[in-house]
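Note sheet for the following structure.
This is a predicted model, so every value here is computed, not measured. In what follows, chains are A, B, ... by sequence order, proteins preceding strands, each numbered from 1.
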Amino acid sequence: MMRTHYTSEITSEDAGKEVVLAGWLHEVRDLGGILFLLLRDREGIAQITIVTKKSDPELVNKARKIPRESVIVVRGSVKAEPKAPNGYEILPTHIDVLSKAESPLPLDPTGKVGADLDTRLDVRFMDTRSPRTFSIFAVRHHVMLATREFLTEKGFIEITTPKIVAAATEGGTALFPLSYFDREAFLNQSPQLFKQMMMAGGFDRVFEIGPIFRAEEHDTTRHLNEATSIDIEQSFVTHHDVMGLLEELVAYVYEKVSERCERNLRTLNIELDIPKTPFVKITYDEAIEIARDVEPSLEWGEDLTTAAEKRIGEEIGEHYFIVDWPTSIKPYYSMPYGDKPEICKSFDLMHPKMELASGAQRIHEYGLLKKRIEEQGLNPDSFDFYLQAFRYGMPPHAGWGMGVERLLMTMLDLKNIRECILFPRDRRRVAP
RNA sequence: GUCCGGAUGGUGUAGGGGCCGAGCAUAGAGCCCUGUCGAGGCUCUGACCCGGGUUCGAAUCCCGGUCCGGGCGCCA
């Protein structure tokens, strides 16, 4: 290791110790007789102080010439100093420039001058140097870690399923075609079919965190063409059981993030309210009723518009479920109610600002599933690989899928979903 | 896809027919400065998206294109 400490690992109590810090030259303040260099690493910023008259002229000269954002290693002793930012400063004996930064910089990581999201995404490697952007991804990591902990604790087994597939999963959404040797294939829109097949496979409880691809030409602040989904499937349970699991998971993730990401949340200026469980449940019928305030022409059997979702979100004001959707607007694998087949055992998890997840009790009976595929205008033959799993002992099961970026976006109150993914793929952007 | 708005130094912006030889901030170069913490002061460098048109005159108005932002749709 080239460094002995992160900047955050030093306090005024380390006075007198020799340390080696490594990072980027965040800022230089040259006051003439005294020179302050700010060294930034991913955990924070440390002040390097050089009193010019008392220091080696060569070191002073060298320090004055380093361009901002160059990668430097500083060896020196810690001095307790109430006037310094974190209560300590480093009196350097050696400063090495490992990689000199060109100037001007494509954006300003100190954040003094703003940059458009588009500019930031073009030079994401530099954007993530800013403590704010870095914090978003530190939180993202903890969202995914907490999810894995929670689901593992609940007996779920993590699986990975193919992203290259032969046929559409659900119909509905558009897929990206690609050439697979001499055949056409697609990028998968969801692990749905595979996780269900593993219920027949005896896994009982599975989850996957992975990319999903949608070829829709949507162009909004809450859609991506490549997103990350947390998907679960569980056997011998009902949709009510997996809704319970989902709300517990969301609350757990919020709780762990607020415990483990204190500094990041402070950087982002976010005060996390841990959602209270159980979440409110309203039926689709009730949702339509509320939505008619703003969408009087909304008919039963139609999907909710953006304005409708907003109106209902305002009304409820916290996380909630919309349950019992019309069978016709949900995927074919959703289980219709036996006594009322026009509605099904499906649900959406909503944040007041947008949809986060959707799921259902699944059809586990071969004949009904095949019939539903046909009714939705799809060809059962292309689902043979899937349907087969329902013919030799398929337990009743339920599950859901939740968008990681949307969870993070609503948690951190970010205005654009592109903030939540390092290298977003959208209608226009395929690089970097 | 559609509607609205926009494109000015590296970055973020002001200016909406002549006042623009384009203002400001920040960054960069240089000088001064011993406690900065958005350090400060002085000097300098650096820009009107592309193509047509209107006009004596276009950064500014019109047309086309490209790119970008927001809303809606589609969608999760």
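Contact annotation: A/Thr52 side-chain N/O to B/U34 OP1/OP2 distance is not under 4.0 Å. Remark: A/Thr221 is in phosphate contact with B/G71, judged by side-chain N or O atoms under 4.0 Å from OP1 or OP2. Contact check, A/Lys112 against B/A27: a side-chain N or O comes under 4.0 Å of OP1 or OP2. For B/G73, the OP1/OP2 oxygens have a side-chain nitrogen or oxygen of A/Thr306 closer than 4.0 Å. Between A/Asn416 and B/G69 there is no side-chain polar atom (N or O) within less than 4.0 angstrom of OP1 or OP2.
What you find for A/Ser135 and A/Asn264 is that their closest heavy atoms are OG-OD1, 3.1 Å. Here the shortest heavy-atom pairing between A/Met411 and A/Leu272 reads O-CD2, 3.5 Å.
For the C1' atoms, the distance from B/U11 to B/U54 is 35 Å, rounded to whole Å. When the C1' atom is compared between B/C72 and B/A14, the two are found 32 Å apart, to the nearest whole Å. Rounded to the nearest Å, the gap between the C1' atom of B/G70 and that of B/G30 is 44 Å. B/G46 and B/C61 are spaced 29 Å apart, taking the C1' atom of each and rounding to whole Å. Spacing between B/A27 and B/G12 at atom C1', rounded to whole Å, works out to 11 Å. The separation of B/U66 from B/G51, taken at their P atoms, amounts to 15 Å, rounded to a whole angstrom. Remark: the separation of the C1' atoms in B/U13 and B/G69 is 16 Å, to the nearest Å. A distance of about 15 Å separates the P atoms of B/G41 and B/U36, rounded to the whole Å.
Taking a cutoff of 4.0 Å between a charged side-chain nitrogen and a carboxylate oxygen, A/Glu89 and A/Lys83 do not qualify as a salt bridge. Under 4.0 Å is where a charged nitrogen must lie from a carboxylate oxygen, and between A/Glu216 and A/Arg427 no such pair does. The pair A/Arg120-A/Glu419 meets the salt-bridge criterion, since a charged nitrogen lies less than 4.0 angstrom from a carboxylate oxygen. We find that A/Lys330 and A/Asp348 are joined by a salt bridge, their nearest charged nitrogen and carboxylate oxygen being less than 4.0 Å apart. Salt-bridge check for A/Arg292 with A/Glu295: failed, with every basic side-chain N at 4.0 Å or more from each acidic carboxylate O.
Ring-plane geometry between A/His319 and A/Phe279 is classed as parallel, the angle between the planes falling under 30 degrees on a 0 to 90 degree scale with a further cut at 60.
Using a 4.0 Å heavy-atom criterion, one finds that A/Ala227 contacts the bases of the nucleic acid, with or without backbone contacts as well. Contacts of A/Gly403 with the nucleic acid, taken as non-hydrogen atoms under 4.0 Å apart, are absent. Among the protein residues, A/Lys310 comes within range of the sugar-phosphate backbone only, with heavy atoms under 4.0 Å from sugar or phosphate atoms but none that close to a base. Within the 4.0 angstrom heavy-atom criterion, only backbone atoms of the sugar-phosphate kind lie near A/Thr119; the bases stay farther away. When heavy atoms are screened at a 4.0 angstrom cut-off, A/Glu309 is found touching no nucleic acid atom at all. A/Ser229 comes within 4.0 angstrom of no nucleic acid atom, judged by non-hydrogen atoms across all strands. Residue A/Pro85 is classed as a base contact, given a heavy-atom separation below 4.0 Å to a base. In this structure, A/Ala307 reaches neither bases nor backbone, as no heavy-atom distance under 4.0 Å exists between it and the strands shown. As judged by a 4.0 angstrom heavy-atom cut-off over every strand, A/Glu27 is placed among residues touching the sugar-phosphate backbone only.
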_Watson-Crick and G-U pairing of RNA chain B, under 3.5 Å, as dot-bracket with | and [ ]_ = (((((((..((((....[....)))).(((((.......)))))....(((((..]....))))))))))))....
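In the set B/U11, B/G73, B/G28, the nucleotide with an atom closest to the side chain of A/Thr220 is B/G73. Looking at the side chain of A/Val113, the nearest of the listed nucleotides B/G35, B/C68, B/G12 is B/G12. Checked against B/G10, B/U36, B/G28, the side chain of A/Pro104 finds its nearest nucleotide in B/G10.
Counting non-hydrogen atoms of neighbouring residues, nucleotides and ligands closer than 6.0 angstrom, the CD atom of A/Glu184 exceeds 12 such neighbours. Open room surrounds CD on A/Glu262; 12 or fewer heavy atoms of other groups in view lie less than 6.0 Å from it.
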With 3.5 Å as the limit, what N/O pairs link the protein to nucleotides 1-5 of chain B?
unit_1, atom_1, unit_2, atom_2, d
B/G1, OP2, A/Glu217, OE1, 3.0
B/G1, OP2, A/Arg427, NH2, 3.3

*asked:* Output one letter per nucleotide in nucleotides 43-48 of chain B: B when a protein non-hydrogen atom lies under 4.0 Å from the base, S when only the sugar-phosphate is that close, - when neither is.
replied: ------
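No option in A/Leu39, A/Leu38, A/Ile45 other than A/Leu38 meets the side-chain contact (heavy atoms from CB on, under 4.5 Å) test with A/Glu27.
Aromatic ring centres of A/Phe150 and A/Phe207 lie farther apart than the 6.0 Å criterion allows. Ring pair A/Tyr284/A/Trp300: centre-to-centre distance below 6.0 Å.
For B/G10, the base has no donor-acceptor partner in the side chain of A/Glu102 [N/O atoms by modelled type, under 3.5 angstrom].
Remark on RNA chain B: of its neighbouring residues A/Lys79 and A/Asp116, the 5'-side contact belongs to A/Asp116, judged by nearest-heavy-atom nucleotide. Both A/Ala115 and A/Arg222 lie near RNA chain B, and the one whose nearest nucleotide falls closer to the 5' end is A/Ala115.
For the pair A/Lys163 and A/Phe213, the cation does not sit on the ring face, since its NZ or CZ is not both under 6.0 Å from the ring centre and inside 45° of the axis.
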